[in-house]
Amino acid sequence: MKSLSFFSTVVLFLAVCMLSPTVLMAQESENLIVISGVVKDARNKRTLEYVNVTVPGSNVGTITNSDDAFTLKIRPDIQKGSIEFSHLGYQTRTLVIPAPGKGDQVFLLTPNSVVLKEVVVSPVDPRKLVEQAMRKKTTNYNGHPAMHTGFYRETAQKRRKYISISEAIVDVYKTPYADDISKDRVRVFKGRRLLSPRLSDTLAIKLVGGPTQALVMDMVKNPDVLLSQEYMPFYEYALADYVTIDDRLHYAIRFTPRVKLEEPLYEGTLYIDRETLAITRCEFNLDMRDKNKVTQMILRSKPPGLVFKPSHLSYLVTYRQADGKTYLNYMRTEIKFRCDWKKKFLSTSYTVLSEVVLTDRTDNPLATIPTREAFRMHHVLSDRVMDFYDEDFWEDYNIIEPTESLESAVKRLKKVNL
């Protein structure tokens, strides 16, 4: 039986890391149109995080941060096009690309309530829906090799204080969905990091995570313990709701463990397009009841005498539909744990958050990522450090905008590092 931790070979160093080997592929410098703003609920003005912001007819896009903010950089040749906002449970909104120079703008989305009487409800077998969705993956997902550009961010907090911030632009090469992930590759070619220099903030442990989550967290292509035929019998499936994503009706399928295995299983919700049966979103958590088994799954190494106590492990994976196909879009992992030293009575809480958004795509690229340049699953971000002083560090690349708290943390860490 396979190990249940399908992220187990991906490693990061917490608070002792540096950025990975840089194989820089410079994006051509252009006078891009920069659109920035915030996205909110039109009714109550509530912040909307993780909203997809895209340019229809292109592969360009980004996502809002947890403060509802985004910045999208658009090539001049598509300036006269449109910009589209889509989010779970909201009506997709399409606008003419605003003229540059307007500064931050507010974009409002209207909730898209599903009226059940308008839905033709028929008996469904939730597990069969999931099985059908997986059988249709070669139809619903990209049938060509593709090179994606993505942005990766990884932060570590000690209590509420940031102690490590790492960011990188990555290339993600993916073979067709008829294949597995064995020939898929990630290459880190530009990045930076800021680390607290205080000795008390250093915690030399290895945890699951890292840029290669853009490969292993693609559950449709890498079904492993969630969507594989081998493990489906270990879960109970139930139709939880009908929801809208990108103005399309979806089944919300809740899954929970139905057996107890040697290692913890997951629980969460799959969102399946009612018409195409494409899986477009998955939210799930690791069962944390057996802390010792969870520790074995997510902890790779720690100093002698350090007591590691995991408390939370959650994931979010989303896909974006375009031109009749469904593409990997955004992945987020959050790990919470406490650490203390033997013979000490006080423990310290930590949170490690990593996320990657795929911001552009080229189908049938002329070249793949050579094995010698690929970021391996056992690698750590540990080659060189780029500073945070250059405001134009990311140049023309689309990124996930930092939150206000993250910007404040960068300023504080800069001062400490001077």
Side-chain angles (χ1 to χ4, degrees), residues 1-17 127 130 154 156-158 181 203-210 212-213 215-219 222-238 253-270 282-317 331-355 376-380:
M1 183 176 294
K2 295 178 291 186
S3 167
L4 295 184
S5 177
F6 61 130
F7 310 122
S8 63
T9 56
V10 188
V11 179
L12 66 87
F13 267 122
L14 172 58
V16 292
C17 62
R127 177 176 165 181
V130 177
E154 177 184 290
Q157 289 178 268
K158 179 181 179 181
I181 66 168
L203 186 64
I205 65 174
K206 287 184 181 180
L207 298 176
V208 296
T212 46
Q213 67 181 358
L215 305 181
V216 295
M217 286 185 67
D218 184 351
M219 296 172 308
N222 184 39
D224 205 6
V225 302
L226 285 183
L227 300 176
S228 69
Q229 284 291 334
E230 181 181 356
Y231 283 92
M232 280 189 189
F234 299 149
Y235 290 97
E236 193 75 41
Y237 298 90
I253 306 295
R254 181 73 182 168
F255 59 92
T256 54
R258 63 186 300 268
V259 297
K260 187 175 182 180
L261 301 180
E262 292 181 358
E263 297 184 60
L265 290 168
Y266 299 89
E267 61 179 7
T269 304
L270 283 169
C282 186
E283 306 161 354
F284 58 110
N285 305 296
L286 184 65
D287 186 343
M288 304 298 293
R289 286 175 293 184
D290 192 326
K291 296 294 194 295
N292 291 329
K293 291 180 178 179
V294 172
T295 298
Q296 293 173 14
M297 289 178 62
I298 69 175
L299 181 65
R300 293 295 149 258
S301 66
K302 66 178 182 65
L306 182 71
V307 180
F308 180 84
K309 302 175 182 178
S311 61
H312 173 80
L313 178 56
S314 64
Y315 305 94
L316 170 64
V317 182
M331 293 133 284
R332 184 176 187 267
T333 303
E334 184 177 55
I335 304 174
K336 293 185 178 181
F337 57 94
R338 301 184 71 86
C339 285
D340 61 16
W341 294 92
K342 292 180 180 178
K343 300 182 180 180
K344 291 187 178 180
F345 297 102
L346 295 178
S347 61
T348 304
S349 62
Y350 294 88
T351 301
V352 175
L353 178 66
S354 58
E355 55 186 340
R376 305 295 184 86
M377 291 190 176
H378 63 274
H379 285 170
V380 294

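Remark: side-chain polar atoms of Tyr315 are not paired, donor with acceptor, to backbone N or O of Cys282 under 3.5 angstrom. Side-chain atoms of Lys293 come within 3.5 Å of backbone atoms of Glu262 as a donor-acceptor pair (strictly under, hydrogens ignored). Put simply, the side chain of Asn222 gets close to the backbone of Val216: a donor and an acceptor are under 3.5 Å apart.
Ring geometry, Tyr235 versus Tyr237: the interplanar angle falls from 30° to 60°, so the pair is classed tilted.
When all heavy atoms are compared, the tightest approach of Ser354 to Gln213 is OG-OE1, 3.5 Å. Contact between Leu226 and Phe284 at its shortest, heavy atoms only, is CD1-CE1, 3.6 Å. Residues Pro264 and Met297 approach most closely at CD-SD, 3.3 Å, considering heavy atoms. For the pair Pro223 and Ser228, the tightest heavy-atom approach, listed with the atom from each and the gap, is CB-N, 3.6 Å. Of all heavy-atom pairs between Arg338 and Ser349, the closest is NH1-CB, 3.4 Å. Across all non-hydrogen atoms, the minimal contact from Met232 to Leu227 is CE-O, 3.1 Å.
Using a 4.5 Å cut-off on side-chain heavy atoms (C-beta onward), Lys336 and Ser314 make no contact. No side-chain heavy atom of Leu316 sits less than 4.5 Å from a side-chain heavy atom of Glu355.
To the nearest 0.5 Å, the span separating NZ on Lys158 from SG on Cys339 amounts to 10.5 Å. Asp287 contributes atom CG, which lies 12.5 Å from atom CD of Glu263 (distance to the nearest 0.5 angstrom). Atom CZ of residue Arg332 and atom CD of residue Glu283 lie 11.0 Å apart, to the nearest 0.5 angstrom. Here CD1 of Ile205 is found 8.5 Å from CD1 of Ile298. Values are rounded to the nearest 0.5 Å. Note that CG of Leu286 and NE2 of His312 are 10.0 Å apart. Values are rounded to the nearest 0.5 Å. Between the CZ atom of Phe337 and the CG atom of Leu299 there is a distance of 8.5 Å, given to the nearest 0.5 Å.
Remark: Glu267 pairs with no residue by the side-chain hydrogen bond (donor to acceptor under 3.5 Å, both in side chains) rule, at least two apart or across chains.
More than 12 heavy atoms of other shown residues, nucleotides or ligands fall within 6.0 angstrom of atom NZ in Lys291.
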**Request:** Evaluate side chain to side chain contact (heavy atoms under 4.5 Å, CB included) for Asp218 paired with Ile181, printing each intermediate quantity in order.
**Result:** CA-CA 9 Å; Asp218 184 351; Ile181 66 168; 5.7 Å; no

